[in-house]
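Data first, discussion second: the structure below is written as structure tokens.
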Amino acid sequence: MESSKGYFSKVYRIVSTIPPGKVATYGQIAALLGDARGARTVGWALHCNPFPGLVPCHRVVNQRGELSGGFAFGGQERQRSLLEREGVSFLPDGRVDLKRHLWRPGG
DNA sequence: GGACTGACACTGG
DNA sequence: ACCAGTGCCAGTC
């Protein structure tokens, strides 16, 4: 974990702290890292996600509640299925209801 | 050291 | 609320 890429490891750690049934935005994770402007780097770190299963990247969505592309876990449907199984609700638009499932650190 | 890339966020219209 | 443009950061070539 604590490899040369400390930044990445931090991302994986924070993402792994996201409880089931909740979703966090890249900006939120970046803010926890201390770099609210590093939202892009966070997404990239998840792309490099060397530990799928250990890092629930499927719980990480963008500010709009949209899931990642179709290359994440084998398709958006795969990601959506995982979230639905955890109790996450989806809007008719296919987006996550951040109003109900937005992860609140400390809350 | 410089340039390009990438699963984003913010601001303005 | 949405779309388009801009800025940020770390990693790789």
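Everything numeric in this text was worked out from a predicted model, so none of it was measured. The chains referred to below are lettered A, B, ... by the order of the sequence lines, with proteins before strands, and numbering in each begins at 1.
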(request) Would you kindly confirm whether A/Y26 and A/V88 end up in one hydrophobic cluster when ILVMFWY residues are joined by side chain heavy atoms under 4.5 Å apart? (result) no
(request) Go through B/dA9, B/dA7, C/dC8 for me and flag the one nearest to the A/N62 side chain. (result) B/dA9
(message) I need the CG-P distance between A/D97 and C/dA1, as an integer number of Å.
(response) 11 Å
(message) Please report the distance, rounded to the nearest Å, between CG in A/L98 and P in B/dC8.
(response) 14 Å
(request) Identify, with sequence neighbours excluded, every residue that meets salt bridge (Lys or Arg N to Asp or Glu O under 4.0 Å) alongside A/E86. (result) A/R59
(request) State plainly whether the residues A/R95 and A/D93 are in salt-bridge range, i.e. N to O under 4.0 Å. (result) yes
(message) If we ignore hydrogens and angles and just use 3.5 Å, is the side chain of A/H101 paired with the main-chain N or O of A/G21 as donor and acceptor?
(response) yes
(request) Choose from B/dA7, C/dA10, C/dC3 the nucleotide whose nearest atom is closest to any side-chain atom of A/T41. (result) C/dA10
(request) Indicate yes or no for a side-chain donor-acceptor contact from A/D35 to the backbone of A/R37 under 3.5 Å, with no hydrogens or angles considered. (result) no
(request) Provide the closest heavy-atom pair for A/S68 versus A/V60 in the form atom of the first, atom of the second, distance. (result) OG-O, 4.3 Å
(message) Side chain of A/H47 only, heavy atoms from C-beta on: which candidate in C/dC9, C/dC3, B/dA7 is closest?
(response) B/dA7
(request) Please check if A/L46 and A/L82 belong to a single hydrophobic cluster, counting links between Ile, Leu, Val, Met, Phe, Trp and Tyr side chain heavy atoms closer than 4.5 Å. (result) no
Identify each atom pair where a protein N or O and an N or O of nucleotides 1-4 of chain B are less than 3.5 Å apart, giving names and distance.
none

(request) Output the single nucleotide from C/dC8, C/dC2, C/dA10 whose closest atom is nearest the side chain of A/W44. (result) C/dA10
(message) Given the structure, check if the side chain of A/Y26 and the base of B/dA9 hold any donor-acceptor pair shorter than 3.5 Å.
(response) no
(message) If I take atom CD1 in residue A/I29 and atom C1' in nucleotide B/dA7, what distance separates them, rounded to the nearest angstrom?
(response) 11 Å
(request) Starting at atom CG of A/L46, determine the distance to atom P of B/dG6, rounded to an integer number of angstrom. (result) 16 Å
(request) State whether the side chain of A/S16 and the backbone N or O of A/Y12 hold a donor-acceptor pair below 3.5 Å, judged by distance alone. (result) yes
(request) Rounded to the nearest angstrom, tell me the gap between atom CZ in A/R80 and atom P in B/dA7. (result) 21 Å
(request) Select one nucleotide: of B/dC10, B/dC8, C/dA10, the one nearest the side-chain heavy atoms of A/A39. (result) B/dC8
(request) Answer yes or no: does atom NZ of A/K22 have more than 12 heavy-atom neighbours from other residues, nucleotides or ligands under 6.0 Å? (result) yes
(message) Over all strands shown, is A/R95 touching base, sugar-phosphate only, or nothing at heavy-atom distances under 4.0 angstrom?
(response) sugar-phosphate
(message) In whole Å, I'd like the distance from the OH atom of A/Y7 to the P atom of B/dC8.
(response) 14 Å
(message) Nearest to the side chain of A/R64, heavy atoms from C-beta on, is which of C/dC3, C/dC8, B/dA9?
(response) C/dC3
(message) Let's see if you can work this out: which of B/dA9, C/dA10, C/dG7 has an atom nearest to the side-chain heavy atoms of A/Q63?
(response) B/dA9
(request) Step through the shown structure and confirm whether more than 12 heavy atoms of other residues, nucleotides or ligands are within 6.0 Å of CD on A/E77. (result) no
(message) What is the distance, to the nearest angstrom, from the OH atom on A/Y12 to the P atom on C/dG11?
(response) 10 Å
(request) With pairs defined as Watson-Crick or G-U wobble and both distances under 3.5 angstrom, please note down DNA chain C as a dot-bracket string, | for pairing with another strand. (result) .||||||.|||||
(request) Decide yes or no, distance alone: a donor-acceptor N/O pair under 3.5 angstrom between the base of C/dG7 and the side-chain of A/R37. (result) no
